[in-house]
There are 2 protein chains.
Amino acid sequence: MTIEAKERFDQYLSKKNLKKTHQRGLIVDIFLKSAKHLTYEELYEVVKAKDKTIGLTTVYRTLKLLTESGIAKTVDFGDRVIRYENTFCSGHHDHLICIRCGKNIEILDENIEKLQREIANRYGFTLKDHTMSLYGICNEC
Amino acid sequence: MTIEAKERFDQYLSKKNLKKTHQRGLIVDIFLKSAKHLTYEELYEVVKAKDKTIGLTTVYRTLKLLTESGIAKTVDFGDRVIRYENTFCSGHHDHLICIRCGKNIEILDENIEKLQREIANRYGFTLKDHTMSLYGICNEC
DNA sequence: ATAATAAAATTAATAATTATCATAAAAATT
DNA sequence: AATTTTTATGATAATTATTAATTTTATTAT
C-alpha cells in the first residue's frame, strides 16, 4: 500500500532527525506510484517532468533514504543494471525472467519461502529478507 | 574446476573466432584463482600487479567475454555493487548473507532447486539459471 | 616467413556518482 | 510571529566508471 509506505518513510525521517521537505515528498510519491522496477535515470526523468527545479543530487540522496528505510530494494536482472523496486507495491515477490525476450513475471511460492527460512535457521541465521531471480526461456521464445 | 572453466573459455574463443592472447589467458587465470566475488576494480588491481602493461579496457572486455561464455555471473548483495562470481569455482550455489557483519555463506539446497524448476515449468519456462540471496542476522551478531 | 586479421594499449570521450559550498527552507526556540 | 539553529537543496565541480576511436602489436592461417 502506498499510504503505508509513505508513513514508513515519514517515521524513518523523524527517527533519523531528517526533515520533511517538498522534494523528498514528491520523489517518494512518484517512486511509489511508478512501475515496479526503476533505474535511477528513469526516476529522475519523471521527477524532472513534475518539477524542473529538482536537482539530480537530491534524487540520488532520496533514493538512498528509500533503500535505507526499506521501501526500495535493489534488484539484479543479470544485465549489470541496478534497478530499484518498491517493496510495498505488491508485497514481497520474486522474479521469473525470460533471457530471450526479457519478459518479467512476478512469482511467489510459499513452499520456497518456508524452505528459505529453514535453511537460514539451520545456519543460525534469522532471516530478514531475500531476493530470488529465475532465468529461463519462455514458451513464446 | 579451474581446468574445466579454462577449456570452456578456449572453446568459446574458437567458436566465436576470437584469438587466444596472453592478456586474455592471464586475466582468466587470475579470475578463476581469485576469491569468489570480485568487483571489476578488484580484478583489475590483481591483474595490474601481475602485469603492469595490461590496460583497463582489456579487463573490461575480457570480463564481458567471461560473462558471455557463462564462466562469470553477476551477483547482487543488495549494496548497489556489481560483483562477478566464478560459476565453476564450486559449482552452482546461493548466498546467505549477514546484514550486520557481512558474513557470506554459500548454500545449496536440492529441495529449493527442485521447486524452482517446478515453478518455472508452471509458467511455461525452461529454467536455465537462477540467483538467490538470503539476508539475515547471524547468531554471532 | 609473410600476409591478413583481430586484439591491445593509449588516449580521449562520455556517463555515472559523489563532494563541496553558498543559499534556502524547515523545525525549534523564544 | 520572529529569530535562531539546523539541515536540505541546487549548482557546480570533482571523481569515478565505462565506452569509443585509433594506432601499434600480436596471433593465426597460408
Side-chain angles (χ1 to χ4, degrees), chain A residues 6 9-31 37-69 71-72 74-84, chain B residues 6 9-31 37-69 71-72 74-84:
Chain A
K6 198 72 191 295
F9 187 68
D10 289 348
Q11 281 170 17
Y12 183 79
L13 290 183
S14 50
K15 198 177 73 186
K16 295 272 177 179
N17 276 10
L18 302 171
K19 290 174 179 172
K20 269 175 88 163
T21 66
H22 159 249
Q23 289 89 335
R24 283 174 178 166
L26 182 69
I27 294 169
V28 174
D29 283 345
I30 289 173
F31 178 77
H37 313 111
L38 285 175
T39 61
Y40 154 76
E41 210 186 356
E42 290 165 348
L43 179 62
Y44 180 54
E45 280 307 311
V46 185
V47 168
K48 228 174 28 182
K50 284 264 177 184
D51 184 341
K52 279 182 78 115
T53 71
I54 291 185
L56 80 167
T57 319
T58 303
V59 177
Y60 272 110
R61 284 185 288 224
T62 309
L63 215 33
K64 207 176 170 195
L65 293 178
L66 283 169
T67 7
E68 284 165 6
S69 61
I71 291 161
T74 61
V75 286
D76 174 18
F77 292 165
D79 57 359
R80 307 198 280 167
V81 176
I82 292 166
R83 291 185 176 77
Y84 295 85
Chain B
K6 197 69 188 297
F9 186 68
D10 289 348
Q11 280 170 20
Y12 182 79
L13 290 183
S14 49
K15 198 177 72 185
K16 294 271 175 181
N17 275 10
L18 302 171
K19 290 177 178 170
K20 270 175 87 164
T21 66
H22 160 247
Q23 289 89 335
R24 283 174 177 165
L26 182 68
I27 294 170
V28 174
D29 283 344
I30 289 174
F31 178 76
H37 314 110
L38 284 176
T39 61
Y40 154 76
E41 210 188 356
E42 289 164 349
L43 178 62
Y44 181 52
E45 281 306 311
V46 185
V47 169
K48 228 174 30 183
K50 285 263 177 186
D51 184 341
K52 280 181 78 116
T53 71
I54 290 184
L56 80 167
T57 318
T58 302
V59 177
Y60 272 110
R61 285 184 289 224
T62 309
L63 215 34
K64 208 176 170 196
L65 293 178
L66 283 169
T67 10
E68 284 165 8
S69 61
I71 290 160
T74 59
V75 287
D76 174 18
F77 292 165
D79 57 359
R80 305 197 280 165
V81 176
I82 292 167
R83 291 183 176 78
Y84 295 85

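Throughout, a chain's letter reflects where its sequence line sits, starting with A, and its residues are numbered from 1.
How far CD of Glu68(B) is from CD1 of Ile71(B): 11.0 Å, rounded to the nearest 0.5 Å. Interatomic distance, Arg83(B) CZ to Thr74(B) OG1, rounded to the nearest 0.5 Å: 12.0 Å.
Residues Lys48(A) and Tyr44(A) meet the side-chain proximity criterion, which asks for heavy atoms closer than 4.5 Å. Using a 4.5 Å cut-off on side-chain heavy atoms (C-beta onward), Lys50(B) and Asp29(B) make no contact. In this structure the side chain of Thr58(B) reaches within 4.5 angstrom of the side chain of Arg61(B), judged on heavy atoms. For the pair Arg24(A)/Lys20(A), no side-chain contact is recorded, criterion being any heavy-atom separation below 4.5 Å from C-beta on. A 4.5 Å side-chain heavy-atom check between Leu26(A) and Ile30(A) finds at least one atom pair inside the cut-off.
First and last contacts of DNA chain C with chain A, using any nucleotide atom under 4.0 Å from a protein heavy atom and ordered 5' to 3', fall at dA16(C) to dA27(C).
Closest heavy-atom contact between His37(A) and Glu42(A): O-OE1, 3.6 Å. Heavy atoms only, all atoms of each residue included: Leu13(B) and Lys19(B) are closest at CD1-O, 3.9 Å. Between Thr53(B) and Asp51(B), the shortest heavy-atom contact is OG1-OD1, 2.7 Å.
Within residues 48-64 of chain A, the residues approaching DNA chain D are Thr53(A), Ile54(A), Gly55(A), Thr57(A), Thr58(A), Arg61(A), by heavy-atom distance under 4.0 Å.
Here the P atom of nucleotide dA29(D) and the CG atom of Leu18(B) are 12 Å apart, to the nearest Å. Between the CD1 atom of Ile27(A) and the C1' atom of dA8(D) there is a distance of 11 Å, rounded to whole Å. Following rounding to the nearest Å, Lys19(A) (NZ) and dT4(D) (C1') show an atom-to-atom distance of 11 Å. Separating the CG atom of Asn17(B) from the P atom of dT28(D) is a distance of 11 Å, rounded to the nearest angstrom. Atom C1' of nucleotide dT16(D) and atom CD of Glu42(B) are separated by 16 Å, given to the nearest angstrom.
Residues Glu41(B) and Gln23(A) both approach DNA chain D. Their nearest nucleotides, taken by heavy-atom distance, put Gln23(A) toward the 5′ side.
A centroid separation of 6.0 Å or more is found between the aromatic rings of Tyr40(B) and Tyr84(B).
In the helix from dA1(C)-dT30(D) to dT30(C)-dA1(D), the end axes, each obtained as the rotation axis mapping the C1' atoms of four pairs onto the next four within a five-pair block, lie 40° apart to the nearest 10 degrees.
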